[in-house]
Amino acid sequence: MADSWTVQRAGPGDAARTQAREQLLEAARELYGVNGYRATAEHDVCEAAGVPVEVLRQEYGSREGLLIALHNRVTTTGLRAAERALLTEGIDDCSIEERVRLLFDAYVEAVTSDPREARVTFVEVLGVSAVVDEHCKLWRALWTEFLTGEAERAVDRGEAEDRDHRVDVMVMVGTVHELMAHHARRCRRARPGEVSGELTQLALTMLGTQRTG
């Protein structure tokens, strides 16, 4: 299939590179998300994508770089979905329970809509290398900042215990990923509402907030 790359390169350079990058991401989503990252060789991804190995190395550096890029794309989608949920009309009048549930509903729906992406994001990145671990650590730090803001808002509104919740949020972020990895590994795929319900209860418990319903 890589033979077709010579035809694709006939177009404008930027368009050809964009197409190649997308083809590699799609191939990685399929192979890493079905067969697993460790079971997928560099040439397997390139053959599925229809591009030479040199293109993968030029665009992503390695199959590990491609894994990071795919993880980054899925996780960014999840964060943007959560942000949009908190911009919903009337959200400022919602209780902390409602806000957290809307946030996690949006996030879980975004990152689990494709089981392959969920497996890559929460399972296949684990224990790959120090570089991948550092990439995931940066994302956890970003989520910690994001959710700490929500905790501080709840404190200001008298809906959470008046204390510094940053450590709680750091623990929660790690636990969220563990729960998501657990669900991604299960043969029976949990419904998004089930998963977000678990995450909501976890968040409210850590904030010292009691559920109202």
Side-chain angles (χ1 to χ4, degrees), residues 1-87 103-143 145-146 176-177 180-181 183-185 189 192 195:
M1 288 195 291
D3 293 342
S4 62
W5 174 247
T6 55
V7 176
Q8 295 166 1
R9 292 184 63 186
D14 288 346
R17 287 189 64 182
T18 298
Q19 181 183 9
R21 290 176 67 85
E22 188 61 29
Q23 288 171 199
L24 285 164
L25 284 169
E26 290 300 315
R29 179 173 64 174
E30 178 64 24
L31 296 177
Y32 294 172
V34 175
N35 300 333
Y37 172 76
R38 292 164 183 78
T40 303
E42 199 172 64
H43 71 269
D44 294 330
V45 178
C46 293
E47 182 178 359
V51 303
V53 172
E54 291 74 16
V55 174
L56 184 151
R57 293 172 181 169
Q58 177 185 352
E59 299 300 328
Y60 295 106
S62 64
R63 72 188 183 107
E64 180 182 274
L66 182 58
L67 174 69
I68 289 173
L70 181 56
H71 176 273
N72 195 58
R73 184 173 75 169
V74 178
T75 309
T76 298
T77 299
L79 178 60
R80 296 290 177 258
E83 289 174 333
R84 286 194 299 273
L86 296 183
L87 293 174
L103 184 159
F104 280 127
D105 278 350
Y107 171 73
V108 171
E109 182 67 36
V111 298
T112 64
S113 60
D114 188 320
R116 298 167 298 180
E117 292 183 347
R119 175 176 171 179
V120 169
T121 304
F122 300 106
V123 178
E124 295 305 316
V125 295
L126 300 177
V128 171
S129 70
V131 173
V132 176
D133 288 347
E134 185 62 27
H135 167 78
C136 294
K137 187 185 298 183
L138 290 173
W139 265 109
R140 288 194 295 273
L142 181 61
W143 271 105
E145 290 296 325
F146 180 65
V176 166
H177 281 266
M180 295 298 293
H183 285 293
R185 291 188 184 102
R189 187 182 175 199
V195 180

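FYI, side chains are in, hydrogens and waters are out, and symmetry mates aren't considered; it's all heavy atoms of this structure.
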- Query: Is any side-chain heavy atom of Val111 less than 4.5 Å from a side-chain heavy atom of Thr77?
  - Reply: no

- Task: Output every pair passing side chain to side chain donor-acceptor pair (under 3.5 Å) with a member in residues 50-62, not counting sequence neighbours, ordered by first then second residue.
- Result: Arg17-Glu59, Arg21-Glu59, Glu42-Arg57

- Message: Under the rule for side chain to side chain contact (heavy atoms under 4.5 Å, CB included), what residues qualify as partners of Val120, not counting sequence neighbours?
- Response: Tyr32, Leu67, Leu70

- Message: Restricting to side chain to side chain contact (heavy atoms under 4.5 Å, CB included), what partner residues turn up for Ala85, sequence neighbours left out?
- Response: Ala106

Would you mind writing out the side-chain donor-acceptor pairs for residues 33-40 within the sub-3.5 Å range, not counting sequence neighbours?
unit_1 : atom_1 : unit_2 : atom_2 : d
Tyr37  : OH     : Glu64  : N      : 3.4
Arg38  : NH2    : Leu126 : O      : 2.6
Thr40  : OG1    : Gly36  : O      : 2.7

Approximate separation, where rounding is to 0.5 Å, of [X] [atom1] and [Y] [atom2]:
X      : Y      : atom1 : atom2 : answer
Cys46  : Arg63  : SG    : CZ    : 11.5 Å
Arg29  : Arg119 : CZ    : CZ    : 14.5 Å
Tyr107 : Arg80  : OH    : CZ    : 13.5 Å

Just jot down the side-chain hydrogen bond (donor to acceptor under 3.5 Å, both in side chains) partners of [X], sequence neighbours excluded, or say none.
X      : result
Glu145 : Arg166
Trp139 : Asn72
Glu22  : Arg73
Arg116 : Glu30, Asp114

Compare every heavy atom of [Y] with every heavy atom of [X], then report the nearest pair and how far apart it is.
X      : Y      : answer
Gly78  : Ala110 : CA-CB, 4.0 Å
Val125 : Thr121 : CG2-O, 3.3 Å
Ala82  : Leu103 : CB-CG, 4.0 Å
Val123 : Ala184 : CG2-CB, 3.9 Å
Ala20  : Val55  : CB-CG1, 3.9 Å

- List for me each residue that meets salt bridge (Lys or Arg N to Asp or Glu O under 4.0 Å) alongside Arg140, sequence neighbours excluded, and say none if there are none. none

- Item | Partner of His71 by side-chain contact (heavy atoms from CB on, under 4.5 Å), out of Thr75, Val74, Ile68 | Thr75

- Query: Given His183 and Phe122, is the side chain to side chain contact (heavy atoms under 4.5 Å, CB included) satisfied, shown in steps?
  - Reply: CA-CA 9 Å; His183 285 293; Phe122 300 106; over 6 Å; no

